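Step one of this worksheet: look at the structure below.
Just the heavy atoms: all of them, side chains too, but no hydrogens, waters or symmetry mates, feed the values below. These numbers come from a predicted model, not from an experiment.
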Amino acid sequence: MQALLGVIFHFIGGFASGSFYIPYKKVKGWAWETYWIVGGLFSWLIVPPLAAYLTIPGYTDIIAHTDGGILFLTYFFGVLWGIGGLTYGLGVRYLGVSLGSSIILGLCSVFGALIPSVYYLFEPKEGKDSIKDLITSSWGQMVLLGLLVCVIGIIICGKAGAMKDNDLKKSGVVGDNAEFKIGLGLTVSIISGILSACFAFGIDAGKVMAEEANDIWKAANPGQGEFLFQNNVTYIVILLGGLTTNFIWCMMLNARNKTFSNYTDKSTPLLSNYIFSAIAGTTWFLQFFFYGMGESKLGNGPSSWILHMAFIILIANTWGLVLNEWKGVTKKTLTTIVSGILVIILSVLIVGYGNYLHE
């Protein structure tokens with residue numbers, strides 16, 4: 001029953017992550033950097049402390065007496081992740097929800113699994129697996145196989161993107177695909193996929209805060225399992241790092257593109273723009289709110305991360321079909337992207353199975 005609840009929570013989180021960009025499509029007359037930072041203020045500054053306040057009494061005290069080195073490392077991973085989150089928005093903008101999310105999240109799964117294992121080869125830590133452990137064990141070999149399959153899926157999706165580009169040029173279809181740019185989109189998506197994995201590292205770096213919140217809750221609620229909302233205190237520090245990166249970049253774009261006037265431009269539907277941006281930002285945060293709940297039930301960080309990725313890919317690509325992002329392409333192109341998506345999902349399941357064998 002605990003595992004089932006974990007899967008359900010991860011599905012809800014995946015739905016939130018795969019859907020958060022949809023409200024942004026309702027924003028009218030604003031530049032990308034304007035609606036991205038307005039939504040981001042809700043994602044990274046307003047909603048996380050509110051969630052912690054509602055779920056973890058005394059969360060500020062936990063942060064206050066946490067070692068400064070731990071706080072800095074957690075924040076630093078948030079800064080790196082912020083670059084990944086920033087380029088995620090650009091990847092989705094230039095490739096669409098379907099293709100952009102598949103490539104970014106596939107790469108995020110790969111690097112989220114490999115980078116820590118390489119680090120722990122040189123800095124061993126009890127309970128953490130190194131790349132050597134992966135290579136020399138049956139479960140680790142299964143994980144590496146899944147990562148290889150993931151890379152193949154990403155290559156297939158990239159091929160589908162190039163085919164889509166050619167199809168649209170030949171047919172003259174523009175419509176919702178006006179911003180589709182395969183070269184720029186692939187570049188920012190690769191950067192995003194690598195750096196987005198830093199969120200998982202941030203959770204690990206700030207785990208001491210989550211563990212303290214968990215211990216306090218368990219002392220007050222004996223015999224009731226793990227605290228569902230323990231990660232909410234860690235998110236505050238990670239997301240401040242993400243806010244730093246995104247705020248600086250968006251302000252630079254506002255200045256360069258002369259779009260500061262967007263925030264007060266009455267010729268645009270200001271109220272609805274702010275509302276849709278706020279909905280998008282809040283929906284984005286909910287992915288990790290439910291991710292933390294899912295992880296507390298499954299009790300395995302890597303498996304939770306992989307399951308989270310799988311659900312996001314599924315939901316994002318469902319939206320891609322609903323929004324007709326592949327309208328105007330040939331049947332061969334459509335078959336190629338579906339094949340690539342299925343391969344990525346298969347890779348995630350293989351990695352998840354490898355982690356299951358390790359439990």
Side-chain angles (χ1 to χ4, degrees), residues 13 17 43-45 48-49 51-52 55-56 58-86 88 107-131 133-134 191-217 226-246 284-285 287-296 298-306 308-309 355:
S17 180
S43 299
W44 311 311
L45 183 65
T55 56
I56 306 177
Y59 76 92
T60 55
D61 295 330
I62 295 176
I63 296 175
H65 64 242
T66 297
D67 179 77
I70 292 175
L71 290 176
F72 174 77
L73 188 60
T74 306
Y75 171 83
F76 177 68
F77 279 127
V79 170
L80 294 179
W81 164 82
I83 300 174
L86 177 65
Y88 183 98
L107 285 168
C108 187
S109 298
V110 171
F111 286 96
L114 282 184
I115 292 179
S117 66
V118 174
Y119 172 79
Y120 291 124
L121 176 65
F122 299 99
E123 297 289 339
K125 186 177 180 181
E126 185 178 355
K128 300 297 182 180
D129 301 303
S130 70
I131 189 68
D133 296 322
L134 292 176
I191 295 172
S192 178
I194 295 172
L195 294 181
S196 291
C198 289
F199 198 99
F201 309 155
I203 292 176
D204 190 51
K207 198 65 177 177
V208 63
M209 290 182 281
E211 289 172 346
E212 182 174 347
N214 190 37
D215 291 341
I216 293 173
W217 184 86
E226 302 298 312
F227 185 33
L228 281 175
F229 308 110
Q230 58 184 273
N231 281 334
N232 285 353
V233 63
T234 312
Y235 292 156
I236 293 175
V237 181
I238 299 174
L239 294 175
L240 281 176
L243 173 63
T244 302
T245 307
N246 282 265
W284 181 94
F285 173 76
Q287 67 169 308
F288 288 114
F289 183 84
F290 285 100
Y291 172 85
M293 295 172 67
E295 187 182 38
S296 71
L298 292 181
N300 185 289
S303 293
S304 287
W305 188 251
I306 292 298
H308 185 65
M309 295 294 111
N355 280 293

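Taking all atoms of both residues into account, the shortest heavy-atom contact from Gly13 to Gln287 is O-CB, 3.3 Å. Of all the heavy atoms in Ile70 and Gly206, the pair that sits closest is CG2-CA, 4.3 Å. Between Phe289 and Thr55 the shortest heavy-atom distance is CE1-CG2, 4.3 Å. Scanning both residues, Leu239 and Pro48, for their nearest heavy atoms gives CD1-CG, 3.4 Å. What you find for Gly84 and Ser192 is that their closest heavy atoms are O-OG, 2.6 Å.
Trp217 and Phe227 have parallel rings, their planes meeting at less than 30° on a 0 to 90° scale where 60° marks the start of perpendicular.
Evaluated for a side chain to side chain contact (heavy atoms under 4.5 Å, CB included) with Thr234, the options Met209, Glu211, Lys207 yield exactly one hit, Met209.
Taking OH of Tyr235 as the reference point, atom CZ of Phe199 lies at 5.5 Å (rounded to 0.5 Å). Here CG of Asn231 is found 11.5 Å from CD1 of Ile236. Values are rounded to the nearest 0.5 Å. Interatomic distance, Ile63 CD1 to Glu212 CD, rounded to the nearest 0.5 Å: 10.5 Å.
Checked against salt bridge (charged side-chain N to carboxylate O under 4.0 Å, His left out), Glu226 has the following partners two or more places apart in sequence or in another chain: Lys218.
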**Study point:** From CA spacing to verdict: side chain to side chain contact (heavy atoms under 4.5 Å, CB included), Thr66, Thr74
**Key:** CA-CA 11 Å; Thr66 297; Thr74 306; over 6 Å; no

Review point. Do Trp44 and Phe285 pass the side chain to side chain contact (heavy atoms under 4.5 Å, CB included) test, and can you show the C-alpha distance, the side-chain angles, and the key distance before you say yes or no?
Key: CA-CA 8 Å; Trp44 311 311; Phe285 173 76; over 6 Å; no

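Phe288 places none of its side-chain heavy atoms less than 4.5 Å from the side chain of Asn232. Residues Phe201 and Trp81 are not in side-chain contact: their nearest non-hydrogen atoms beyond the backbone lie 4.5 Å or more apart. By the 4.5 Å heavy-atom criterion applied to side chains, Tyr75 and Leu240 are counted as neighbours. Looking at heavy atoms from C-beta onward, Phe72 lies out of side-chain contact with Val237 at the 4.5 angstrom threshold.
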